[in-house]
Amino acid sequence: MIKYLGSKRRLVPVLEAIAASSGARSALDLFTGTTRVAQAFKRLGLLVTAVDLSRYAEVFARCYVETDGDAIHQRELEDALTHLNALPGSAGYVTDTFCRRARFFQPFNGERIDAIRDAIESDYAGTPLEPVLLTSLIEAADRVDSTVGVQMAFVKQWAPRSYRRLELVRPSLLAGTGRAVRGDARTIAGSLGSFDLAYLDPPYNQHRYFTNYHVWETLVAWDAPAHYGVACKRIDAKDPATRSEFNSKRTMPAALADTVASVDCGLLLLSYNDESWVAVDELERMCSHHREVVTLAFESARYVGARIGIHDPRGVKVGTVSHLYNREYLVVAGEVTVVRGAVAAATQAHPALRSSAPLGARASQRRR
Ligand SMILES: C[S@@+](CC[C@H](N)C(=O)[O-])C[C@H]1O[C@@H](n2cnc3c(N)ncnc32)[C@H](O)[C@@H]1O
């Protein structure tokens with residue numbers, strides 16, 4: 001799995017425990033990113049719909065959620081990976097843009113990315129293997145990149161991992177099928193259908209995924225876009241159409257409220273973080289059309305860039321990082337017994353979790 005801001009590695013056991021204990025058979029992962037959470041739900045046997053705005057997340061969802069690992073022709077996949085891994089490098093857009101102008105990969109790996117991506121386009125476009133091979137390529141490129149996990153900058157000295165040869169590996173496909181959808185959560189939440197469980201993990205701040213992971217966008221689009229800046233971002237990053245309402249302090253609260261109201265589900269799980277623009281009680285109010293609302297809280301380390309510090313392009317430390325830990329929240333909403341069951345399962349899976357009193361009980365205490 002790629003390095004990804006906001007990826008819910010540590011929360012997955014909690015979400016799994018909740019999903020398993022709830023008896024849910026269908027699940028929505030509305031801001032799926034790496035699809036880590038969607039994969040966990042699918043592994044439990046749920047029928048999963050995974051949604052995201054970005055092209056690369058759609059590819060991951062087509063690979064890990066939509067593709068039935070039992071239906072893929074294993075021999076064909078192995079042959080394709082062997083063939084692509086053996087291709088000689090051939091300098092193209094990636095080498096020129098992301099290895100010479102910017103320094104996200106070493107040129108010898110950039111040439112291999114160019115050759116492999118061209119071959120996927122010419123030999124596998126439109127086939128069931130396409131999303132699997134693209135996922136394999138992005139994950140391989142991520143393992144040899146020279147960043148701290150976002151593509152707005154690259155590290156001054158080549159990262160030690162960037163010297164390794166890029167190698168495609170077979171993604172761990174899961175049995176069964178599901179649905180991958182690319183779209184704006186606010187616009188499509190109401191038309192996705194009804195789910196036993198819905199997990200919402202929206203962006204928390206102004207840092208746009210479109211620019212933080214522009215290299216993956218371009219690897220999927222394969223459109224050789226004009227670019228700008230030291231990081232060689234896609235020129236369409238300047239286009240308002242590529243902005244998400246969830247990355248603006250002005251538009252995010254209404255977008256989130258609308259989205260939460262539109263999702264049709266029995267159990268709602270909403271991830272949130274204390275760096276966000278919305279206070280936790282506001283978030284609970286957004287969920288209060290459900291009968292019971294409880295918030296779980298736990299501490300979490302911030303992304304690796306925050307731990308390393310802020311540096312200028314010459315590698316000189318130029319700023320200080322305010323804090324190394326966040327408080328993560330999980331708002332749980334649904335029928336009373338369902339929410340109680342979910343909270344019990346979550347605290348068993350993660351004993352350090354703290355849980356608030358139900359929203360209704362707090363309101364009646366205040367009235368007394
Ligand atoms: C916090 S991350 C989700 C991480 C994910 N849960 C994981 O574990 O990998 C937020 C995601 O929301 C997506 N996103 C941003 N704006 C969106 C929108 N308007 N509609 C749908 N997805 C959006 C981003 O592309 C990003 O993948």
Engineer: How about Y329 and F298: are their ring centres within less than 6.0 Å of each other?
Structural biologist: no

Engineer: Check the hydrophobic clustering (I, L, V, M, F, W, Y; side-chain heavy atoms under 4.5 Å; chains of links allowed) and say if I2 and I113 are grouped together.
Structural biologist: yes

Engineer: State, to 0.1 Å, how close Y213 and L5 come at their nearest heavy-atom pair, and which atoms those are.
Structural biologist: OH-N, 2.9 Å

Engineer: For residues 38-59, pull every pair meeting salt bridge (Lys or Arg N to Asp or Glu O under 4.0 Å), keeping only residues two or more places apart or in separate chains.
Structural biologist: R55-E217

Engineer: For residues 114-123, which residue pairs pass the salt bridge (Lys or Arg N to Asp or Glu O under 4.0 Å) check, not counting sequence neighbours?
Structural biologist: R117-E121

Engineer: Determine whether the side chains of S248 and Q206 contain a donor N or O and an acceptor N or O closer than 3.5 Å.
Structural biologist: no

Engineer: Test of understanding: with side-chain hydrogen bond (donor to acceptor under 3.5 Å, both in side chains), list the residues that count as partners of E66, not counting sequence neighbours.
Structural biologist: none

Engineer: Charged N to carboxylate O under 4.0 angstrom, D223 versus R234?
Structural biologist: yes

Engineer: To the nearest 0.5 Å, tell me how far L129 CG sits from T67 OG1.
Structural biologist: 9.0 Å

Engineer: Where is the tightest heavy-atom contact between S146 and S162, given as atom of each residue plus distance?
Structural biologist: CB-CB, 4.2 Å

Engineer: Looking at E111 and R100, is there a salt bridge between them, counting it only when a charged N and a carboxylate O are closer than 4.0 Å?
Structural biologist: yes

Engineer: With a 3.5 Å cut-off and sequence neighbours excluded, list the donor-acceptor pairs that the side chains of residues 259-268 form with protein atoms.
Structural biologist:
residue : atom : partner : partner atom : Å
T259    : OG1  : A255    : O            : 2.6
S262    : OG   : D258    : O            : 2.7

Engineer: Looking at A237 and Y228, what are the two nearest heavy atoms and their distance?
Structural biologist: CB-OH, 3.6 Å

Engineer: Among all residues two or more places apart in sequence or in another chain, which pass the side-chain hydrogen bond (donor to acceptor under 3.5 Å, both in side chains) test with D70?
Structural biologist: none

Engineer: Judged by modelled atom types alone, do Y199 and S271 share a side-chain donor-acceptor pair under 3.5 Å?
Structural biologist: yes

Engineer: Ignoring hydrogens and angles, state whether a donor on the side chain of T34 or R9 is under 3.5 Å from an acceptor on the partner side chain.
Structural biologist: no

Engineer: If hydrophobic clusters are built by linking Ile, Leu, Val, Met, Phe, Trp and Tyr wherever their side-chain heavy atoms come under 4.5 Å apart, do V336 and L269 end up in the same one?
Structural biologist: no

Engineer: Keeping to residues at least two apart or across chains, list the side-chain hydrogen bond (donor to acceptor under 3.5 Å, both in side chains) pairs with something in residues 175-185.
Structural biologist: T49-R179, D184-T187

Engineer: Check whether any side-chain heavy atom of R354 lies under 4.5 Å from a side-chain heavy atom of R327, and answer yes or no.
Structural biologist: yes

